[in-house]
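Reading through the structure tokens given below for one structure.
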Amino acid sequence: MADADTAEKISARDVALLTETVRDAGALAKAMFRTELKNWTKGASSPVSEADIAVNDLVEQRLRAATPDYGWLSEESADDDTRLGKPLVWIVDPIDGTRAYLAGREDWCVSVALVAGSKPVLAAVFAPVTDEFFFAVHGQGATLNRRQVSASTGTDLDFSRMAGPKPLVQRLSPSSEEITLFPRIGSLALRLCRVADGSLDAAFAGGQSRDWDLAAANLIVQEANGRMTALSGDAIEYNRREVTHGVLVAAGRDRHARIVEHFRNRPLP
């Protein structure tokens, strides 16, 4: 869990700083949206555009200038191991859902979390095209455009209200019949936030998601009376040397417990 002193570590300044920075970052990304952008591929298949870099530069300049003692981890910045010794670390995905962004779709967002120790304590996820601003402070609930949100209750499994890799979700089905999932959401952070606002009953992440895809949405789900963990039920820890995670699930608490129990009895191969 987050430190006992977590509440003291979340200053009103940090709340205001994160809110303003993420809104401005979203405005910049939206201004560059559906324009001619240089883009390229990093690693095996991860797309990057000049918009990703421009938004990252804005967020980094704002946050690091205002909080020079905090660590920094971003998808679009070279990793710096000094973050491992910092009690507070910003974890940033300047544009989560770059493929959707470059395709001109609306399902992308800016995602930023502040992590204390290994747990997120402050989070913002902003989808500027649809003007959806998710926000959470540890212990204070989660909001969408300043309205309190809550994950859906119950334990039933309605596949049309679930999103994630179909072969994985199919393993929840009691029969071999074809299931129909909620339409794909390009941004993983946004997919997880749809659990927090009750639009989805559950969302899954396949392996290979990173800290920056998850940290902000994790807190938002948690503060919306949901749970987000590894498929085993183990808590997710952030700001470790290794930032890649395995299969994850987010859902309302009771449904989450049912799904985790199912996979404990029927583990993935």
Side-chain angles (χ1 to χ4, degrees), residues 1-30 55-75 77 80 82-96 109-128 130-151 189-190 192-193 195-197 211-228 235-239:
M1 295 182 62
D3 297 349
D5 297 333
T6 292
E8 296 178 9
K9 293 180 178 179
I10 309 169
S11 68
R13 179 202 65 166
D14 286 348
V15 169
L17 173 66
L18 180 61
T19 301
E20 182 178 359
T21 299
V22 170
R23 284 202 176 277
D24 287 350
L28 174 59
K30 187 178 179 183
V55 174
N56 189 67
D57 289 348
L58 182 154
V59 174
E60 183 169 12
Q61 180 182 17
R62 295 275 188 88
L63 296 185
R64 300 195 84 172
T67 56
D69 295 334
Y70 293 9
W72 176 264
L73 175 64
S74 170
E75 180 175 16
S77 300
D80 181 353
T82 61
R83 67 179 170 80
L84 298 171
K86 302 285 188 180
L88 290 165
V89 179
W90 294 112
I91 297 185
V92 178
D93 196 338
I95 297 179
D96 184 57
C109 65
V110 179
S111 177
V112 183
L114 182 63
V115 166
S118 64
K119 302 299 179 187
V121 294
L122 180 62
V125 171
F126 182 33
T130 52
D131 192 28
E132 294 172 285
F133 193 91
F134 293 89
F135 198 81
V137 179
H138 177 76
Q140 298 183 26
T143 59
L144 168 57
N145 295 341
R146 299 185 178 182
R147 298 189 307 275
Q148 204 81 15
V149 291
S150 185
L190 202 53
L192 296 165
C193 284
V195 172
D197 73 7
D211 276 16
W212 46 78
D213 301 310
L214 305 168
N218 192 344
L219 181 65
I220 291 165
V221 169
Q222 173 187 311
E223 291 296 321
N225 295 315
R227 287 206 71 204
M228 178 175 150
I236 305 166
E237 295 193 337
Y238 298 95
N239 192 39

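Numbers here are sequence positions counted from 1.
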Nearest 0.5 Å please: distance from the CG atom of L73 over to the NZ atom of K86. 14.0 Å
Quick one: CG on D24 to CZ on R62, what's the gap to the nearest 0.5 Å? 4.5 Å
Using modelled atom types only, decide if a donor and an acceptor are shared between the side chain of N145 and the backbone of D131 within a distance under 3.5 Å. yes
Look at atom CD of Q148 and say whether more than 12 heavy atoms of other residues, nucleotides or ligands are closer to it than 6.0 Å. yes
Applying side chain to side chain donor-acceptor pair (under 3.5 Å), can you list everything that pairs with R227, at least two apart in sequence or on another chain? none
Partner set under side chain to side chain donor-acceptor pair (under 3.5 Å) for N56, not counting sequence neighbours: S74, S77
Residue pairs fulfilling side chain to side chain donor-acceptor pair (under 3.5 Å) with at least one residue in residues 211-226, sequence neighbours excluded: D211-H245, N218-Y238
Are [X] and [Y] packed together at the side-chain level, in the sense that at least one heavy-atom pair is separated by less than 4.5 angstrom?
X: T21; Y: V112; result: no
X: M228; Y: V195; result: no
X: T67; Y: R13; result: yes
X: F135; Y: L122; result: yes
X: D197; Y: F134; result: yes
X: L214; Y: L192; result: yes
X: R23; Y: F126; result: yes
X: V149; Y: T143; result: no

Taking all heavy atoms of [X] and all of [Y], pick out the closest pair and write down the distance.
X: K119; Y: A235; value: NZ-CB, 3.4 Å
X: P94; Y: V55; value: O-CG1, 3.5 Å
X: A113; Y: P120; value: CB-CB, 4.5 Å
X: T130; Y: E132; value: OG1-OE1, 2.6 Å
X: A189; Y: C109; value: CB-SG, 3.9 Å
X: E75; Y: D93; value: OE1-OD1, 2.9 Å

As a quick check of understanding, evaluate side-chain contact (heavy atoms from CB on, under 4.5 Å) for V121 and V115, giving each step before the final call. CA-CA 6 Å; V121 294; V115 166; over 6 Å; no
Give the intermediate values and the outcome of side-chain contact (heavy atoms from CB on, under 4.5 Å) for residues L114 and L18. CA-CA 9 Å; L114 182 63; L18 180 61; 5.9 Å; no
Positive for side chain to side chain contact (heavy atoms under 4.5 Å, CB included) with S111, one of V22, L190, V92, V125: V125
